[in-house]
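Reminder, nothing fancy here: chain letters follow the sequence lines and each chain counts from 1.
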Amino acid sequence: MSRVKPVTRLPRSFYNRSTEIVARELIGKYIILNTSEGRKAARIVEVEAYIGEEDPACHAACGPTIRNALMYGKPGVSYVYFIYGMYYCLNFVTERKGFPAAILLRAAEPVDGVESMRHTTRHEPDHRILSGPGKFCRAFGLALAQNGLDLTGSILYLEDRNEQSPEIGVSTRIGIRKGVEKLWRFFDSGSRAVSGSQR
DNA sequence: TGAATGATGCGCT
DNA sequence: GCGCATCATTCAT
(Lines give C-alpha, C1' and ligand atoms only; values in the text may rest on other atoms or scores of the structure.)
Protein backbone atom coordinates (compact mmCIF):
# COMPACT_ATOMS: atom_id res chain seq x y z
CA MET A 1 0.00 0.00 0.00
CA SER A 2 1.62 3.23 -1.10
CA ARG A 3 0.99 6.35 0.84
CA VAL A 4 1.13 9.70 -0.93
CA LYS A 5 3.40 12.14 0.80
CA PRO A 6 1.44 15.20 1.91
CA VAL A 7 2.34 18.39 0.07
CA THR A 8 1.66 21.60 1.95
CA ARG A 9 2.02 25.20 0.91
CA LEU A 10 4.13 27.14 3.39
CA PRO A 11 1.84 29.48 5.38
CA ARG A 12 2.68 33.01 6.47
CA SER A 13 3.53 31.72 9.95
CA PHE A 14 6.48 29.85 8.42
CA TYR A 15 8.08 33.15 7.40
CA ASN A 16 7.16 34.99 10.61
CA ARG A 17 10.07 33.52 12.59
CA SER A 18 13.81 33.93 13.11
CA THR A 19 15.36 34.44 9.66
CA GLU A 20 18.22 32.05 10.38
CA ILE A 21 15.77 29.25 11.18
CA VAL A 22 13.61 29.98 8.14
CA ALA A 23 16.67 30.05 5.88
CA ARG A 24 17.90 26.68 7.14
CA GLU A 25 14.45 25.12 6.72
CA LEU A 26 14.06 26.48 3.18
CA ILE A 27 16.72 24.08 1.90
CA GLY A 28 14.91 21.18 0.24
CA LYS A 29 11.63 23.08 -0.13
CA TYR A 30 10.09 23.71 -3.56
CA ILE A 31 9.36 27.03 -5.25
CA ILE A 32 6.44 27.14 -7.68
CA LEU A 33 5.63 29.86 -10.23
CA ASN A 34 2.38 29.83 -12.18
CA THR A 35 2.10 32.17 -15.16
CA SER A 36 0.33 32.27 -18.50
CA GLU A 37 3.52 30.74 -19.91
CA GLY A 38 3.00 27.67 -17.77
CA ARG A 39 4.21 26.26 -14.49
CA LYS A 40 7.76 26.26 -13.25
CA ALA A 41 9.05 24.49 -10.17
CA ALA A 42 12.45 24.03 -8.56
CA ARG A 43 13.96 22.55 -5.42
CA ILE A 44 15.78 25.11 -3.31
CA VAL A 45 19.39 24.17 -2.51
CA GLU A 46 21.06 27.46 -1.50
CA VAL A 47 19.95 30.62 0.35
CA GLU A 48 21.44 33.51 2.31
CA ALA A 49 19.94 35.42 5.24
CA TYR A 50 20.00 39.22 5.51
CA ILE A 51 18.86 40.26 8.94
CA GLY A 52 18.00 43.70 10.25
CA GLU A 53 19.58 47.15 10.29
CA GLU A 54 22.52 45.78 12.34
CA ASP A 55 23.58 43.60 9.39
CA PRO A 56 25.83 45.81 7.23
CA ALA A 57 25.20 43.68 4.14
CA CYS A 58 21.42 43.98 4.47
CA HIS A 59 19.65 46.46 2.20
CA ALA A 60 18.04 47.90 5.33
CA ALA A 61 21.42 48.70 6.94
CA CYS A 62 20.89 52.42 6.27
CA GLY A 63 17.31 52.45 7.53
CA PRO A 64 14.05 52.39 5.62
CA THR A 65 13.92 53.71 2.05
CA ILE A 66 11.51 53.41 -0.83
CA ARG A 67 13.51 50.55 -2.26
CA ASN A 68 13.72 48.36 0.82
CA ALA A 69 10.28 49.20 2.25
CA LEU A 70 8.98 45.70 1.57
CA MET A 71 11.54 44.24 3.97
CA TYR A 72 9.85 46.17 6.78
CA GLY A 73 6.44 44.84 5.80
CA LYS A 74 4.65 41.61 6.52
CA PRO A 75 6.48 38.29 6.13
CA GLY A 76 5.73 35.86 3.31
CA VAL A 77 6.13 38.42 0.51
CA SER A 78 8.58 38.46 -2.38
CA TYR A 79 11.27 41.17 -2.61
CA VAL A 80 12.86 41.48 -6.05
CA TYR A 81 15.62 43.98 -6.80
CA PHE A 82 17.75 44.88 -9.77
CA ILE A 83 21.53 44.77 -9.50
CA TYR A 84 24.70 45.30 -11.54
CA GLY A 85 22.70 46.76 -14.38
CA MET A 86 21.69 43.31 -15.65
CA TYR A 87 20.34 40.98 -13.02
CA TYR A 88 17.43 40.51 -10.67
CA CYS A 89 17.53 38.75 -7.31
CA LEU A 90 14.60 37.12 -5.53
CA ASN A 91 14.18 37.34 -1.75
CA PHE A 92 11.55 36.15 0.73
CA VAL A 93 10.61 38.65 3.43
CA THR A 94 10.77 37.19 6.94
CA GLU A 95 10.10 38.16 10.58
CA ARG A 96 7.42 40.35 12.06
CA LYS A 97 6.20 43.53 10.42
CA GLY A 98 8.55 46.39 11.29
CA PHE A 99 11.71 44.24 11.47
CA PRO A 100 13.59 44.29 8.15
CA ALA A 101 14.86 40.88 7.10
CA ALA A 102 14.82 38.68 4.02
CA ILE A 103 16.29 35.54 2.52
CA LEU A 104 18.04 35.60 -0.85
CA LEU A 105 17.39 32.60 -3.06
CA ARG A 106 20.78 31.75 -4.57
CA ALA A 107 20.34 28.38 -6.28
CA ALA A 108 17.85 25.60 -7.02
CA GLU A 109 17.42 22.38 -8.99
CA PRO A 110 14.99 22.52 -11.95
CA VAL A 111 11.92 20.29 -11.51
CA ASP A 112 9.07 21.48 -13.77
CA GLY A 113 9.28 23.69 -16.86
CA VAL A 114 12.89 22.75 -17.47
CA GLU A 115 12.56 23.22 -21.24
CA SER A 116 11.59 26.87 -20.94
CA MET A 117 14.39 27.52 -18.44
CA ARG A 118 17.02 25.90 -20.59
CA HIS A 119 16.70 28.62 -23.22
CA THR A 120 18.07 31.22 -20.79
CA THR A 121 21.54 29.72 -20.52
CA ARG A 122 23.79 28.32 -23.19
CA HIS A 123 25.59 25.00 -23.01
CA GLU A 124 24.76 24.39 -19.38
CA PRO A 125 23.81 21.04 -17.85
CA ASP A 126 20.41 21.12 -16.14
CA HIS A 127 21.81 21.31 -12.63
CA ARG A 128 23.59 24.59 -13.41
CA ILE A 129 20.69 26.47 -15.02
CA LEU A 130 19.55 27.85 -11.65
CA SER A 131 22.94 27.97 -9.91
CA GLY A 132 23.12 31.65 -9.01
CA PRO A 133 20.62 34.32 -7.92
CA GLY A 134 20.75 36.21 -11.22
CA LYS A 135 20.50 33.03 -13.26
CA PHE A 136 17.54 31.82 -11.21
CA CYS A 137 15.53 34.99 -11.85
CA ARG A 138 16.38 34.97 -15.53
CA ALA A 139 15.30 31.34 -15.92
CA PHE A 140 12.07 31.91 -13.96
CA GLY A 141 11.38 35.16 -15.78
CA LEU A 142 11.27 37.15 -12.55
CA ALA A 143 11.64 40.94 -12.65
CA LEU A 144 10.29 43.99 -10.83
CA ALA A 145 6.77 43.02 -11.88
CA GLN A 146 7.09 40.17 -9.38
CA ASN A 147 8.21 42.47 -6.55
CA GLY A 148 5.85 42.38 -3.56
CA LEU A 149 3.96 39.22 -4.53
CA ASP A 150 2.18 37.51 -1.66
CA LEU A 151 3.77 34.08 -1.22
CA THR A 152 0.53 32.70 0.22
CA GLY A 153 -1.25 33.39 -3.09
CA SER A 154 -1.47 31.19 -6.16
CA ILE A 155 1.13 32.79 -8.47
CA LEU A 156 4.38 32.35 -6.54
CA TYR A 157 4.60 30.14 -3.48
CA LEU A 158 6.71 27.55 -1.68
CA GLU A 159 5.85 23.93 -1.01
CA ASP A 160 6.91 21.45 1.62
CA ARG A 161 6.85 18.01 0.01
CA ASN A 162 7.79 16.36 3.30
CA GLU A 163 10.92 14.78 1.97
CA GLN A 164 13.80 13.72 4.17
CA SER A 165 15.80 16.78 5.20
CA PRO A 166 19.07 17.12 3.27
CA GLU A 167 22.43 17.58 4.94
CA ILE A 168 22.78 21.32 5.46
CA GLY A 169 26.10 23.09 4.87
CA VAL A 170 26.83 26.51 6.38
CA SER A 171 29.29 29.16 5.21
CA THR A 172 29.90 32.88 4.90
CA ARG A 173 27.84 34.84 2.39
CA ILE A 174 29.00 35.38 -1.17
CA GLY A 175 29.60 38.55 -3.15
CA ILE A 176 29.39 41.07 -0.31
CA ARG A 177 32.01 43.45 1.11
CA LYS A 178 30.50 44.23 4.50
CA GLY A 179 29.30 41.77 7.11
CA VAL A 180 31.46 39.09 5.53
CA GLU A 181 32.00 37.18 8.78
CA LYS A 182 28.41 36.09 9.35
CA LEU A 183 27.73 32.39 8.69
CA TRP A 184 24.38 33.06 7.08
CA ARG A 185 24.62 31.03 3.88
CA PHE A 186 22.88 27.66 3.93
CA PHE A 187 22.99 24.99 1.25
CA ASP A 188 22.29 21.34 0.49
CA SER A 189 25.78 19.88 0.70
CA GLY A 190 24.71 16.94 -1.47
CA SER A 191 23.48 19.02 -4.42
CA ARG A 192 25.47 19.78 -7.54
CA ALA A 193 23.28 22.81 -8.21
CA VAL A 194 24.87 24.88 -5.41
CA SER A 195 26.61 27.94 -6.84
CA GLY A 196 30.36 28.39 -6.54
CA SER A 197 32.32 26.27 -4.12
CA GLN A 198 30.78 24.42 -1.20
CA ARG A 199 33.25 25.71 1.36
C1' DT B 1 41.19 25.55 -11.34
C1' DG B 2 41.39 30.10 -10.20
C1' DA B 3 41.86 35.27 -10.59
C1' DA B 4 40.88 39.36 -13.14
C1' DT B 5 37.71 41.98 -15.80
C1' DG B 6 33.98 44.23 -18.55
C1' DA B 7 29.02 44.82 -19.24
C1' DT B 8 25.42 47.64 -17.39
C1' DG B 9 21.58 50.70 -14.79
C1' DC B 10 19.47 51.98 -10.71
C1' DG B 11 19.26 53.78 -5.80
C1' DC B 12 21.39 56.33 -2.67
C1' DT B 13 24.51 60.30 -0.67
C1' DG C 1 29.06 60.13 -9.13
C1' DC C 2 29.78 55.76 -6.74
C1' DG C 3 28.89 51.26 -5.37
C1' DC C 4 26.55 47.09 -5.85
C1' DA C 5 23.52 40.29 -2.32
C1' DT C 6 26.22 38.98 -10.60
C1' DC C 7 27.66 36.41 -14.69
C1' DA C 8 30.41 35.02 -18.59
C1' DT C 9 34.60 35.50 -20.63
C1' DT C 10 39.47 35.94 -20.69
C1' DC C 11 43.97 35.10 -19.19
C1' DA C 12 47.29 32.88 -15.99
C1' DT C 13 49.03 28.97 -13.54
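A:Ser116 and A:Glu37 share no side-chain donor-acceptor pair at under 3.5 Å.
If you take NE2 of A:His59 and C1' of B:dT13, they are 16 Å apart, rounded to a whole angstrom. Taking atom NZ of A:Lys135 as the reference point, atom P of C:dT9 lies 10 Å away to the nearest angstrom. In this structure, CG of A:Leu130 is placed 11 Å from P of C:dC7, rounded to the nearest angstrom. As rounded to whole Å, 17 Å separates atom P of C:dG3 from atom CD1 of A:Ile176. Put simply, CG on A:Asn68 is 12 Å from P on B:dG11, counting in whole angstrom units. Across the protein-nucleic acid pair, A:Arg177 atom CZ and C:dG3 atom P stand 8 Å apart, rounded to whole Å. Remark: P of C:dT6 and CZ of A:Arg128 are 15 Å apart, rounded to the nearest angstrom. Rounded to a whole Å, the CZ atom of A:Arg185 is 16 Å from the P atom of C:dA5.
Within the nucleic acid shown, A:Arg138 comes within 4.0 Å of sugar-phosphate atoms alone, with no base atom in reach, counting heavy atoms only. Heavy atoms of A:Gly85 sit under 4.0 angstrom from at least one base atom.
Here the CG atom belonging to A:Asn68 is positioned 11.5 Å from the CG atom belonging to A:Asn91, to the nearest 0.5 angstrom.
Take the nearest nucleotide of DNA chain B for A:Arg67 and for A:Tyr84: the residue whose nucleotide is more 5' is A:Tyr84. Position along DNA chain B of the nearest nucleotide to A:Met86 versus A:Leu144 favours A:Met86 as the more 5'-ward residue. Mapping A:Glu124 and A:Tyr81 onto DNA chain C by nearest heavy atom places A:Tyr81 at the nucleotide closer to the 5' end.
Across all strands shown, C:dA5 remains unpaired; no Watson-Crick or G-U wobble contact has both distances below 3.5 Å. Base pairing analysis places B:dT8 opposite nothing; no Watson-Crick or G-U wobble pair with both distances below 3.5 Å involves it.
In this structure, of C:dA5, B:dC12, C:dC7, it is B:dC12 that holds the atom nearest to the side chain of A:Thr65. Comparing C:dA5, B:dG9, C:dA8 against the side chain of A:Asn91 picks out C:dA5 as the nearest. The side chain of A:Tyr87 has C:dC7 as its nearest neighbour among C:dC4, B:dC10, C:dC7.
Each of A:Tyr50, A:Tyr81, A:Tyr72 was checked for a ring pair (Phe, Tyr, Trp, His ring centres under 6.0 Å) with A:His59, and the lone residue meeting it is A:Tyr81.
Side-chain N or O atoms of A:Arg173 include one that pairs as donor or acceptor with a backbone N or O of A:Ala49 at under 3.5 Å. Remark: side-chain polar atoms of A:Ser78 are paired, donor with acceptor, to backbone N or O of A:Gln146 under 3.5 angstrom.
For A:Tyr50 and C:dA5, the ring-to-base geometry satisfies the stacking test (centroid distance below 5.5 Å, interplanar angle below 30°).
Contact between the side-chain N/O atoms of A:Arg106 and the OP1/OP2 oxygens of C:dT6 is found at a separation under 4.0 Å.
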